[in-house]
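Shown next, in structure tokens, is the structure this report addresses.
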There are 2 protein chains.
Amino acid sequence: MKECCEMKGFLSFIVLKLISKGNMSGDEIREELKSRRGSKPSPGTIYPVLKSLSQSGFIEEVKSPGKAKKYRLTKKGKKEIAAATKKFCEIFYDMEDDFHKCCR
Amino acid sequence: MKECCEMKGFLSFIVLKLISKGNMSGDEIREELKSRRGSKPSPGTIYPVLKSLSQSGFIEEVKSPGKAKKYRLTKKGKKEIAAATKKFCEIFYDMEDDFHKCCR
DNA sequence: ATATTAGTATCGTATATCCGATATTGGATT
DNA sequence: AATCCAATATCGGATATACGATACTAATAT
């Protein structure tokens, strides 16, 4: 099924972005992504991303007793998301207009 | 070289977006992308994308005599970019704040 | 203690993405 | 017409992305 604009390749960016706004568990992230893009990423998609972000030192585990494990940004992760956000804006700067037009 | 947020996977989206704002040639697109994301996509990157968008019926050639071949959106392409833009906004809706903060 | 279950983790794989290198084309210059 | 050159096109391959299926784990319920 050949699609044109599938928005693939930004998962780790979005995941990092989400965590930057508040600690989240893998499952919470899956739910949030479901509401944003329609489909819920499979476990085999999201956990490897979290692992990779962890190994890169961008996020770290937060274990609350009796609750699902969450992740929070590290200092390094904050730098990373700041840089990535800047890059995002440089690439997509003219999408700002579309936000106004197309999304309420 | 493990990078976190490489912004890969959006090339066909951006290309379609660019063409939607005015007919462009492959080389013009390469130049525009260079200024946006820093690196200039190689020929082996951009022309297959244009071919693919063509085959999908989203763009078509415009041959001005004595000028480089350009592409323009088809009707189908207009629908596609509208839908893709909507999707983009739904996925990245909260990036609007970042546009204000981070880019001038 | 055992069973259950939600959440997490891993594995193998199909596909997409993008690249560098190389070939080809068409218009302009001579 | 022959040459040159910028633009376009193609090829093979490395890497990344995301998936479904399956396995594990820890907390709770029975």
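Per chain, numbering begins at 1; letters A, B, ... match sequence-line order. Heavy-atom basis, side chains included; hydrogens, waters and symmetry copies ignored.
- Atom CD of Gln55(A) is separated from atom C1' of dA16(D) by 15 Å (rounded to the nearest Å).
- Residue Ser42(A) places its side chain closer to dG20(D) than to any other of dT10(D), dG20(D), dA9(C).
- Here Lys69(B) does not reach the OP1 or OP2 of dT25(C): none of its side-chain N or O atoms lies under 4.0 Å away.
- Taking 4.0 Å as the cut-off between side-chain N and carboxylate O, Glu31(B) and Lys40(B) count as a salt-bridged pair.
- Closest approach of Leu16(B) to Phe58(B), counting heavy atoms only: CD1-CB, 4.0 Å.
- The Glu61(B) side chain lies nearest to dA9(D) when the options are dT10(C), dA9(D), dA18(D).
- The backbone N or O of Pro48(A) lies less than 3.5 Å from no partner atom in the side chain of Ser52(A), so there is not a single donor-acceptor pair.
- For Lys51(B), no side-chain nitrogen or oxygen approaches OP1 or OP2 of dA9(D) to under 4.0 Å.
- The distance from atom NZ of Lys40(B) to atom C1' of dC19(C) is 15 Å, rounded to the nearest whole Å.
- Ring to ring, Phe10(A) and Phe10(B) are close: their centroids are under 6.0 angstrom apart.
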Every protein N/O within reach of nucleotides 27-29 of chain D N/O, cut-off under 3.5 Å:
none

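- Taking the six-membered ring for Trp, Phe88(A) and Phe13(A) have ring centres closer than 6.0 Å.
- Between the P atom of dT15(C) and the CE atom of Met7(A) lies a distance of 22 Å, rounded to the nearest Å.
- Of the charged side-chain nitrogens involved, at least one lies within less than 4.0 Å of a carboxylate oxygen, so that Lys17(A) and Asp98(B) count as a salt-bridged pair.
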Might you work through the side chain to side chain contact (heavy atoms under 4.5 Å, CB included) test for Tyr71(B) and Val15(B), ending with a clear yes or no?
-> CA-CA 10 Å; Tyr71(B) 287 92; Val15(B) 168; over 6 Å; no
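- Residue pairs that meet the salt bridge (charged side-chain N to carboxylate O under 4.0 Å, His left out) test with at least one member in residues 68-80 of chain B, sequence neighbours left out, are Glu28(B)-Lys70(B), Glu60(B)-Arg72(B), Glu61(B)-Lys69(B).
- Ile59(B) has its CD1 atom 12 Å from the P atom of dT8(D), to the nearest Å.
- Side-chain atoms of Pro43(A) lie closest to dA9(C) of the nucleotides dA18(D), dA9(C), dG20(D).
- Ser25(A) comes within 4.0 angstrom of sugar-phosphate atoms only, judged by non-hydrogen atoms across all strands, and of no base.
- Residue-to-nucleotide proximity on DNA chain C shows that, of Val49(B) and Glu28(A), the 5′-proximal contact is made by Glu28(A).
- The side chain of Arg37(B) lies closest to dC19(C), out of dA9(D), dC19(C), dA18(D).
- Closest contact between the side chain of Asp27(A) and the listed nucleotides dC18(C), dA9(D), dT8(C) involves dT8(C).
- As judged by a 4.0 angstrom heavy-atom cut-off over every strand, Leu11(A) is placed among residues touching the sugar-phosphate backbone only.
- Taking atom OH of residue Tyr47(A) and atom C1' of nucleotide dC19(D), one finds them 15 Å apart after rounding to whole Å.
- Atom NZ of Lys8(A) is separated from atom P of dT17(C) by 7 Å (rounded to the nearest Å).
- Phe13(B) has its CZ atom 19 Å from the P atom of dA16(C), to the nearest Å.
- Contact annotation for Leu50(A): no contact, since no heavy-atom pair falls under 4.0 Å across all strands.
- The residue Gly44(A) sits close to a base: some heavy atom pair falls under 4.0 Å.
- Nucleic acid contact class of Pro41(A) (heavy atoms, under 4.0 Å, all strands): sugar-phosphate only.
- Whole-Å rounding puts the Lys63(B) NZ to dT25(C) C1' distance at 11 Å.
- OP1 or OP2 of dC19(C) lies within a sub-4.0 Å distance of a side-chain N or O belonging to Thr45(B).
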